[in-house]
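To keep things clear, I will list the structure first and then write my remarks on it.
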Amino acid sequence: MNVLCEKRSYTREFTTHHHEFGQFLFPLRGSLDIQTKWQEVNLKSDYCFYIPPKLEHNYRSEDRNEFLILDIPTHYLPENTSDMYIRLDQQWNAIRYLLLEEVKSPENLSSLLNLTRYVTNKLQTSKPPSIEYIHNHYKEQIKLETLAKIEHFHPVYYSAWFKKQTGKSPKAYISELRLKEAKHLLISTKWSMSEISEELRFENSSSFTRWFVKWEGISPQKYRILNNG
């Protein structure tokens, strides 16, 4: 199978299938309902969706629609990719535009292959929306249900999916980000423990100290002394 890039439209009836290749769906007009075993997505113009090989999924569209589809043979893909709901930021919008240009010139296969390699590489480096949310809000209290909702996953599945993506539980991942920021503030500022605990949204400096000792093995005061020479 070769890489295939084309425009497609979908009907109102649910269709169920899987395929032996990876597939990107970029909305051009309308929306698409996609269901997998653990996920339900209404794909609209501000996101794209990646479906890995052999993943059974249902899909339909209840409005006038058009999608840009990129079918990618497995030998172009990293191993064990999982479905991914991706926000169309500036780079992904540029990718969609370039793929549309390739649809206009289907005879230029080499440039499509180069673009496909770029897309599959970006697939490995892109943060899923819930992980991007964590990086923007890790100082706050984040509920598992909130993260699952962002990915349109059932909460019972989200933790397993998250560990597959990161190698860590959501709680450990968030704590590592907070710990990294805590260490940065301890070394680079003269803020008091109260000020740092407030910045990291702890109830008080005592709860911050207990948390820091739990993760680092020493108190934040001692960590500051040891790392400021």
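The shown structure was predicted, so the numbers you read here are calculated from the model rather than taken from an experiment.
With sequence neighbours excluded, no residue forms a ring pair (Phe, Tyr, Trp, His ring centres under 6.0 Å) with H154. Take Y157 and apply the ring pair (Phe, Tyr, Trp, His ring centres under 6.0 Å) test, not counting sequence neighbours, and it matches W38, F153. Shown here are the side chain to side chain contact (heavy atoms under 4.5 Å, CB included) partners of T189, two or more places apart in sequence or in another chain: L185, W191, R224. With sequence neighbours excluded, the residues that form a ring pair (Phe, Tyr, Trp, His ring centres under 6.0 Å) with F24 are F26, Y50, W92. When the salt bridge (Lys or Arg N to Asp or Glu O under 4.0 Å) test is applied to K104, the partners found at least two apart in sequence or on another chain are E101. The side-chain hydrogen bond (donor to acceptor under 3.5 Å, both in side chains) search around K149 returns none, not counting sequence neighbours. Residues that satisfy the salt bridge (Lys or Arg N to Asp or Glu O under 4.0 Å) test with R29, not counting sequence neighbours, are absent from this structure. Partners of R178 according to the side-chain hydrogen bond (donor to acceptor under 3.5 Å, both in side chains) rule, which considers only residues two or more places apart in sequence or in another chain, do not exist here. E40 pairs by the salt bridge (Lys or Arg N to Asp or Glu O under 4.0 Å) definition with nothing, not counting sequence neighbours. By the side chain to side chain contact (heavy atoms under 4.5 Å, CB included) test, L4 pairs with E6, R8, D71, sequence neighbours left out. For D46, the salt bridge (Lys or Arg N to Asp or Glu O under 4.0 Å) criterion is met by no residue, not counting sequence neighbours. Residues passing the side chain to side chain contact (heavy atoms under 4.5 Å, CB included) test with H19, sequence neighbours excluded: H17, F21, Q23, I51, H57.
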